[in-house]
Each structure stands twice: as structure tokens, then as C-alpha cells.
Protein chains: 2
Amino acid sequence: MSVGVPEEPLDARCKSPQLVEMHTFRDAVDVNYQRMAITGEELSGVPLEDLKDAASHLIEALRMRNQYMEKIGNQFPITTKRFLSGEYPANLPKFRRKNTEITANTSFNPPEPPKDHWGLNTPLPVFSTKYTLRRQNGVTEVCGEDGNLIPSLAEFYVSKDQFLADTERLTQMIVDGPLKSFCFRRLSYLQNKFQLHVLLNELRELHEQKSVSHRDFYNIRKVDTHIHAASSMNQKHLLRFIKKKIKTEADTVVLEKNKQPVTMKEVFKKMGIDAYDLSVDMLDVHADRNTFHRFDKFNTKYNPVGESTLREIFIKTDNYVEGKYFAEVLKEVLSDLEDSKYQHAEPRLSIYGRSKDEWDKLAKWAITHDVWSPNARWLIQVPRLYDIYKAKNMVQTFDELLDNVFTPLFEVTNDPSSHPELFRFLQQVSGIDSVDDESKHEYVHFDRSTPTPAAYKDAENPPYNYYLFYMYANLTALNAFRRERGMNTFSLRPHCGEAGHVNHLLTGYLLSESIAHGILLRKVPVLQYLFYLTQMGIAMSPLSNNSLFISYQRNPLPEYLQKGLNVSLSTDDPLQFHYTKEALMEEYSIAAQVWKLSSCDMCELARNSVMQSGFEDKVKIHWLGPNYREEGVVGNDIHRTNVPDIRVSFRHEAHVDELCNLFRVQHLTHQAE
Amino acid sequence: MSVGVPEEPLDARCKSPQLVEMHTFRDAVDVNYQRMAITGEELSGVPLEDLKDAASHLIEALRMRNQYMEKIGNQFPITTKRFLSGEYPANLPKFRRKNTEITANTSFNPPEPPKDHWGLNTPLPVFSTKYTLRRQNGVTEVCGEDGNLIPSLAEFYVSKDQFLADTERLTQMIVDGPLKSFCFRRLSYLQNKFQLHVLLNELRELHEQKSVSHRDFYNIRKVDTHIHAASSMNQKHLLRFIKKKIKTEADTVVLEKNKQPVTMKEVFKKMGIDAYDLSVDMLDVHADRNTFHRFDKFNTKYNPVGESTLREIFIKTDNYVEGKYFAEVLKEVLSDLEDSKYQHAEPRLSIYGRSKDEWDKLAKWAITHDVWSPNARWLIQVPRLYDIYKAKNMVQTFDELLDNVFTPLFEVTNDPSSHPELFRFLQQVSGIDSVDDESKHEYVHFDRSTPTPAAYKDAENPPYNYYLFYMYANLTALNAFRRERGMNTFSLRPHCGEAGHVNHLLTGYLLSESIAHGILLRKVPVLQYLFYLTQMGIAMSPLSNNSLFISYQRNPLPEYLQKGLNVSLSTDDPLQFHYTKEALMEEYSIAAQVWKLSSCDMCELARNSVMQSGFEDKVKIHWLGPNYREEGVVGNDIHRTNVPDIRVSFRHEAHVDELCNLFRVQHLTHQAE
């Protein structure tokens, strides 16, 4: 292994120029730094046969994910796509140039959003064709007058058989011994290569950052890619808010008990607490040593003072006061974000699927209280709680839950005037999340014999992949329908790999645009390598993990970052985990201190977070640069991201190298046959 | 070992009630929690002979420190003192009661400080007797008309021979094998006992905290016990400040070069930077991976944009603009503290000892710019830079440096009108710190042959203990003099045990009230145990250590805390280490997260910090409670400190147990003789 930029032409030093080329792709954009060139005839340190097998498996897995993402219309990286389409590696560009002119002409800030951000003064679109909707196989079908699926959408209905077959293929792969070794070696290689890169180029990267005027870690855009709205304020903030309300709204009726109105004063009187008394200790919402590996205990921390009443009053959207207090406190959080200017968030709001009017109520809540900010885009989280609703007789079949969650979305797409507020609210929603304790044991297994949703009447909860598949299936059809009607579409961004079975990650790999957590990827090298190759986003929350599943020091984030996985930092629940007023900065600070991250590492994490986020293109081009969708260095604008071109170039070249490695071997195989 | 509160009387279970009593002191104040009682006849797990030897050594070491502290008039814990005086263990109280009445009648907040906080309208005190001052043996002597030391002060002049003899005794102890083992075992025992305590009482402690109204970690007083004024703002704050000044004071002359005035604009023009350009990256004041074990590199981080000019302009008190900008930015820091209400700090300002007017200039700077806050008390840091000044011909002998540092303090004590501003400024100063890179090699050794300060003309720097001894000697005389005149006195609170030789810690143990850092105590069990027994304060800064000397995960703070050492948390240099606006909260947050500290642990750290701080008694009685000087539970007021009585009781009983262990054995020895 020789290190450094070779002075003499590479082909003078080894017999087979082709092999060298294969192992050191050099992006045609000129960025100067110390690169590592690997010479010698050997391939990736494994026998050629193993390499061939590995390549064919991995490419098959890449194709799978590509197909799922194309169907649902979620992100898939352009580089990997070009390899799959056969354009690369043969036609890797020989010359690329940064378009600096368009960059110079693009403002650093997106245009001011319209005053009427909900579009209340914009008439709802009217569509001449209205379709019939029906539930079939767990999915809402959009049918024409003939009662059949409309042809343009037909291809967007996916079959569970295909999914189960793909799951099976992938399951075989992740337990395949030689493939595991291969992926593990490649990941180790990537990590080592990064460490070498840093040793050689750290000062150059720093220099590049220093020479960019004005921009530093504090004024680059960062998005909190995973945060729950109900716990987005910190404990001190919620405490202050509650105290204020006890004082100013003592006589407001906040709930009904036995048909009797109960005022704020009475609620607290009954608990024996007055405003002055209340402390953070009493509030008791912070995770502590006793929540570790106890998700159940953690969930009760959502109840201030251990009282579900307070949760009901203060952090619910649908309650006696119509979510007034929750809206107020949330708007304070949003306003803090706006003050910070560069901090953004994607808070999750809940839809449970217990009844069909949940969406309308939520939309009404958001619009009535104007819960909106240019610094936030909403995600909707659907808790996996079928078993609870079933036990309480709120739903009879799993399909009812799906019907409650998805049918209103189809209806409003079919005819906006059917749910006018929902129509407007959805324009601010960028994706759907699936949430719950992944460590719960799954009693049911999803296979060909599992009942369809309409026939699913079991008292047990269906497994993670059953939930996710039907969410995917409905979203795919919905997105296609919305795309056809010119509306925004949704990403599927579930919690995944925080705990529980490996097949959660496998399902996430196939069906979701990005995931939250992913700490269990550390145990599954094949999937980890696939996550790398497809640059799937992972929104990680090491402080949250520290209280629940893995201690800070053992969190795999720094390792993922070194290998080049697409990771971002997020807070999850500032109410439970953070101490300062600036939860996201606290998260970055701790990561930087404990893992000794450089300014460049931190800016890379921040850039990843914007990339992963659901903010619209028209916003991202201002935050990341107008070319941000381009591959490698051409897509980077250090004046906005503060990420050195050197780092981006290194990442891109490493990524292309890995893909070349696989696709060239496959090519050789084809030639040999 | 039996665990839990014994149901039957202890003496029913073992033959020698005396032995049980010896091992389980129970404070006569009634606090209910699960205690551990040790039964059986064996003593501390070592042979009786070893125990006797250990006890006699340790008690000798305790006596030494007690004498040094009595002379200088710095804190020494009352419990240990009572053992040394022979009052304990025989007369350990049988009954103690909390004085709750006085507590109830003491406000939570100290009275508003007078508007004229510098006392500018108060006439200076006039003393009929004025003494002559002379330098002798490295100390300023206060002499009467007869030219001799005045008798009342004579006992406060200490001899270097005594110090060297004590050092030698202590050095023998810390390398004594059996004593090392003994101390190591006791410390391990303390740590284990604490862990058991937590397992048994965690929920009770939490419950005690919850049942205290209003009070929580956010609204208890905490003092940043170790922070340098010049780096007390974070990097973003300094950046904003500089940018603002470039804009608003472009034409202000800020320095003189070759006798030509240079304006702010010109300074930045020469550097090729304009206000908009400047970023945190360019500022480059943050510690990074490259400062680890490179204190020299770290020191250069004090220069913004690597330019000592900017340091000169913005963070010096004595420059062309007379420290105007430094005063402004510091006042912003102080104002943030005041906004937080519960956060306080003890910032260090520098006196170098290069010339005699430094004190007057500093005092003038502070008073002219009114750099003052009820949330801050100043410490003065004296860098150990004799060798630099000597090389630059600024001083000829070491005594000149001492003379420059201490004589003005004696002069102003002798005759306040000689330095009126200094007189007033000193009322806000609580102590003296000694600072520099401890890891520098020491070429000179302090022994009987080392020249006295007046004869010290060597080009090499004198060693750490030489510096500290002469600072101690001067302070001891000065404090005695000031006490006699009814003025406030000073604590000696050096940086100590951050790096370098173990004898730094040994010297610190003898001479200083408390120390900053102390991370090397982990390697010296005898000293660590002595620090425990004397409850010496240790202001620790794990984030600072993480960038310089020991990675966060390996920091001994959590271990010290478990054992019951008197540790507090401090930031050292927010400019170099912290990311958020709330540096002290960031420090606490990271410690809490990484080491899984409970709310009780954090409140204990905060209470320690107030105890260690130089805030006056009349302030502390409001923050900690009017009885705070009392031993154990009687001294704790959970309504102010949020530290459960259970925790305080546990700490006190453990401390008394350790002391009983030593003093009873000594007693047995005496009886046997």
C-alpha cells in the first residue's frame, strides 16, 4: 500500500493499468489533497470467486432497493443509480466543472415564505375526475368508473408476495458467511482509509474551512432530523410553561370528569401542587439510570408529575381545550428555532388510526393555532398500537387501522374540498414515521400464511415488517396518485434498528427512504454495507440511546461516520434527555467532545442532516447550493455548507471505488461467461 | 458484611460492641435510609501493626495541613479539626437538632448589594500606625519603628526549612508501600460503599428531592469555580463582539506601531479580513485534536486568528485602549450570569509580576469600566513565567517578581490611601491562583541549597513548589496583616495536579485551600486519601482535560465523586472548549450524560462548588442555609441546595467512620504504650 499522490504515472509502476484504475477512481473535478493509491494485482483481499459471488448478491440487493424507492418516489443516490443502469463504471465522467456562476447568483437564504403560508386565500384545486376509493388487500385502491384500478396507477400497487420473496433473499444474504466477511472487510477498509485520510489531510481540510469567509459551524444549516413534537421542549421549558398557565389560566376549564368541568386550578389542587412548588424534580420527565433497557418506564416519563392528566392537558392536540396549550408551547419551541436562524427541525405529530377524523382534527388544530414555522416541516408518526386498540375494541381488524390512517389521505387527494384543512396541512407534511418500542417481543411472524389486513383479527400485534409493508404499500399508491395530481408526496422514514430483531433493519432497507436510530446496524455487516452503498440516511440520537439502549461511549455513530455512512445527529426527545436551552447544539457539542470530532466532521453531519431532511428542493438549493443534487464535489458549496471540497471528494471517490469494485467484477464475470 | 438497618441491637450480634461502634458511626440527627453495618472483629482488612503505622502517618499529615491552613487562615473542615484537637471521637455528639427556625427566617436571596459596590463614596480607612515594609527571605516583612518584625505578626512568617522538612516527610509517606496499600484499600472501600448506598437509597434520595417544593437542579446556586476571564466568553460570543467592534469602532485608534497610531480598520485591513468575512473557523481559538498533550499549542489558541495583536486589543486589561474592549465583553459575560440568576463564577485576572504598577492598573481598569457583578468574585492568577521575564531582562531576581506581586498588597494594607483604587478592588478579590503548563520539565530542584528569592538569578524557572511556597509565605503574612486591620483575606487556590510531577500535589496539599484540576491524584492514593480526609476542594474541568491531558471517558471525576472527595465542576476556558451559550450547564450536562449522574449527584456537585467558592459567608448563608458551616446533615438545607439529607448524612457518617478508624487505633496505641 503506498500513500500519497503518486508523482510518476501510475501505469509505470504496475503491470495492469486497468487494475489500478479499478482501485483508485479519481473524480474529474480537480481537488488537491493527499490520496491513497492501491497498487498490485490482487483484488479486495478475498478470492476472486468470493468476490464474484459477493458482487452479484450485493448488486441484486441494490436493485431491489432501487425498485422500491422508484415506486414510492423516495430518494435513491444518483451515483449508485448510474451504476445500476449500466452508465457507470464505463462512462465515469472524464471532465466535470463546478458551475460557480449559478452559485454566485443564488441567495444564501430562501425567499420569504408567503404570509398566507397555509394557502387559506388560495382556492382549493378542483379536479374534474373523481375516482372511487376502495380497500383491497390492505391498500386503498383508486378505481375508475369501470370499478377497476385506474391504469396509470396500476404499477404502483405492490404485492406482499414480492416483498416476502425479497425479504427472503435478503435474509439469506445477511447470514451468508462469505458475504458477511466480505462486507465486514470492506467496511473495515473504509474506516481505515478514512483514518488515513484524516491523518494526511486534516490540516488541509481545516485550511479550506478557514479560507471560506463568514461561514462556520454556527451559521450553517442543520436540521434536527428526528424529534417528537410532544417532547421537543426541554424539561425546564415545559415547567415554566405549566407554571405560567397555572397562574394565568387558573379558572379555565381544561377537562371534563364525570361530565363535570374541571378547571386548571382544580386539577392542581387535587394533585396538591401550586405553581410555586412545582420543580423539575417533581415534573419527573427526565430519563434516568432507571430507564436503561426499560422502554416501558421511559414511556411513562411522558407524563409530567407521573400524571397522565397533565400529558392530556399540555401535550395533546386533541383534548378538551382543543390542543391550545400544546400549540402554544410548541410555537415557543418553533420561535426559538427561528431566533437561532440556522437550526431547523422535523417534529413528529401523532396519527393513531383509531378513528377516521384524526387527520381532520390534527389539521384543524395546526391551522387554527397557526402552528407553523419556516424552520420546521412536519412528519406524522403512526404508533404501532393495533393490539391496544383491538383490546379496547376500538378497531376490529388491522385494516381498520390502516383505513383510518390512509383513506382520508386518498380522499383529500381525490377531492381536496372533502377535507379542505387537511389538504392545506398536508402541504407542510413531508413524511410518515412508524414508532414504538422495537424491543417488544413479536409473537406473530409475517409470511405467506399471515392473514391480510382485513382478515387480521388476532389479539396480538402484527410484527414490525407487516406494519411497515402496509404503510409502504399505501404510501406508494398515495404518492403516485398525488404526483399525478401535482401534489407533494411523502417519504417513509420509520424508527428502525433501535432495538429488536434484525429484520426491522432489513425491512427498513427495502422500504424506507431513511431511518431513525439504526444502532443495531453495527451487528449486521451486510446491511451496514448496503446502507453505505445506497447512502441511506440514518438519523442518530446518541443521547437518547444513552438513556435507553447503548451507553454513549459504545454508540456506533463515530464508526459509521468514519466509514462514510450517511448519518445525521438528532435529539429525539429534549424533554427527556437534554439539559440546556439549545438541545440540538448540546447534542452536537457532546458528540464533538466525547468523540473528538473536528469542525469538518461536524459540518459534514450538519450537511447530511439537511440532505436527509424533508425540506423542499427550493429551500435546499439555498442552504446547500443550487447544484446540491450533483455527485461529489460538484454538488458541494463550501460557502454554504462549510464542508471542505476535500472531504466531499474523498467521500465520493471512496463511494465510487466501492461500487466499481462490485460492478467491474460483475462485468468480468459476464465477459467470461 | 451485612447490609441494611439491623433490626436487633447491634451488640446482640457481636462480642465487642466497641468495635461495631467504631465501624458504624451514626450521626445523632435522625435521617432514615438504608445503612450498611459492618460486624465482626477484624479491623480494616490489614494487620493491626500496619493499621497503627498508617494511622500515625496519616494523622501526622493531617496535622501538617491543619497548621498550614491555620497560619494562612484558609478553610479546614471542622470535623477533621475536632478529631485533631482530641474532641472526637470521644465526644461525638449524642444528640443534634436542626435549627429550622433560623432557616425559615433566612431569605433565599442575599440582600441587594449596595449601589456603590466599589465603596467609592465610603472614605478609606485611616490607620494611625504605619509600618515600614522590607523584603527579607522572599517575603515582605512588616516592621515597627524599631526595625523589627511587629510581634503580633511574627508567628505568621514561615520558614522554608520547615516546609522542606514537611515535604520530605510527606514524600516518604506517599512512596511508603504499606501506607499506599492501606489508602488504596480505604478509597476502594469508600467507592464500594457509595455504590451500595446508591443501590439501596437511590429512590429515597430522589423522593426527598421531589418532595421539596420549587427547588430543582436549575434553580440551585452553582459556581464556576475555575474559569479564566480572558477565555470566559465562548468562541461565538467573542466573534460577534469583534465583528460588532469592527463595524462600530472602525476609526478608533487601538494600538501604536512604530509610534504611529493604528485604527481598528487598519488592523483588520492589514490582516485582509473584513467584519462579514470573519468566522469561528478563522478565529481558530477552539482546542482541537491537535492540542492534546500540547499545552504550548493550546496557549497559542488564545490568539484570535493566530494574531497576538487581536489578543492584545480584545482580551487584555492593560493596552492602548486601556482594556476597554476586554471590559465590555467581560461585562456581557457577567450580565449573562446575572440573567441566569443561579449561575456564578470566579474568573481569574492576571498579575504577572513584571512591574509594580500592575495592581494599580488592574484596579483602575476594573473600577473605571465598572467590571463588577454580584454573580462574580475575582481571583488573581500569577503565571509562573520568571524565566521569560528574566530572559527579556524585565526582572533580575526571582524576588523582584515576588516583590512586584506582593509588595503593593502590603502597601495598600499598611496605608489604603497609597493605592486607593487597589484598596477598593481588593475587596472583590477572594484568592490567588498560580498558573502555567505543569507538564514543563523542571530543571531546578527546591532543596536547602536552592538560593533564596533575592539570590535567585538562574535563567531557568524555579520549580512549582518554590513558586507556591513563596506565594504561600507572602500570603500568610499578608492575610495576618489584613486580618489585624479588619480587611478581607485571600485564599491560595492554585492550578495543581493537571500534569507534571507528583510533588505539585504534595505541595498543594500542604499549602493551598483548594486546587484546580487534580486529575493526577488518581495516581497517588496516599494523597488522594488525605484530600478525602481533609475534604480539600478540587475544581475539575473534564472538558478542558479532554482537550489537553486525559480523554473524557478516563477522567477520574466520577470515581472521586463516588469516593466522597470534595469535587466541583468548572469550565476553565469556554472560549476554547465549549459550544453552547451556557458553558457551565454544558459542562454539567455532558458529565451527567456520559457518567450517568443522578440529579442528586449533580446537586451535590453544585453544593460543593458553592462551598469551595470565595463568596462571602454573608452570601453563602442565603445560598446554602444559615447553618451551612455545621457538620453533616445539620449544615444542609435541602430547600436551598436540593441535596437530600440522606446523601449528606451518608457522606458525613462515612467521613467520621474513616477518621474514627484512624484516631481510635492511635488511641489504642497510646493506651498500650
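Order of the sequence lines sets the chain letters (A, B, ...), proteins ahead of strands, with each chain counted from 1. What you are looking at is a predicted structure, and each value in this text was computed from that prediction instead of being measured.
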For A:Phe292, is it the side chain, the backbone, both, or neither that has a heavy atom closer than 4.5 Å to a heavy atom of chain B?
side chain
Evaluate the side-chain proximity of A:Leu239 to B:Asp216: yes if any heavy-atom separation is below 4.5 Å, no if none is.
yes
Just jot down the salt bridge (charged side-chain N to carboxylate O under 4.0 Å, His left out) partners of A:Arg554, sequence neighbours excluded, or say none.
none
Exam field: side chain A:Tyr218 to backbone B:Tyr579, donor-acceptor pair closer than 3.5 Å
yes
With only heavy atoms counted, which part of A:Val305 is less than 4.5 Å from chain B, the side chain, the backbone, both or neither?
neither
Which atoms of A:Ser599 come close to chain B, meaning under 4.5 Å heavy atom to heavy atom: side chain ones, backbone ones, both, or neither?
side chain
Look at B:Met585, B:Arg215, B:Lys243 and state which one has the largest set of heavy-atom pairs under 4.5 Å with chain A.
B:Arg215
From A:Cys600 atom SG to B:Asp288 atom CG, the distance as rounded to the nearest 0.5 Å:
12.5 Å
Sidechain-backbone polar pair: A:Arg289 side chain, B:Lys596 backbone, donor-acceptor under 3.5 Å
yes
The criterion is ring-ring contact (aromatic ring centres under 6.0 Å, His included); which residues satisfy it with B:His344, sequence neighbours excluded?
B:Phe615, B:Trp623
Residue part contacting chain B, namely of A:Lys581, when any heavy atom lies under 4.5 Å:
both
Contact list (residues 640-647 of chain A to chain B, heavy-atom gap under 4.5 Å, by number) returns A:Asn642
Which of residues 271-283 of chain A get closer than 4.5 angstrom to chain B, counting heavy atoms alone?
A:Tyr276, A:Asp277, A:Leu278, A:Ser279, A:Val280, A:Asp281, A:Met282
All heavy atoms of B:Gln593 vs all of A:His578, minimum pair found to be NE2-CA, 4.2 Å
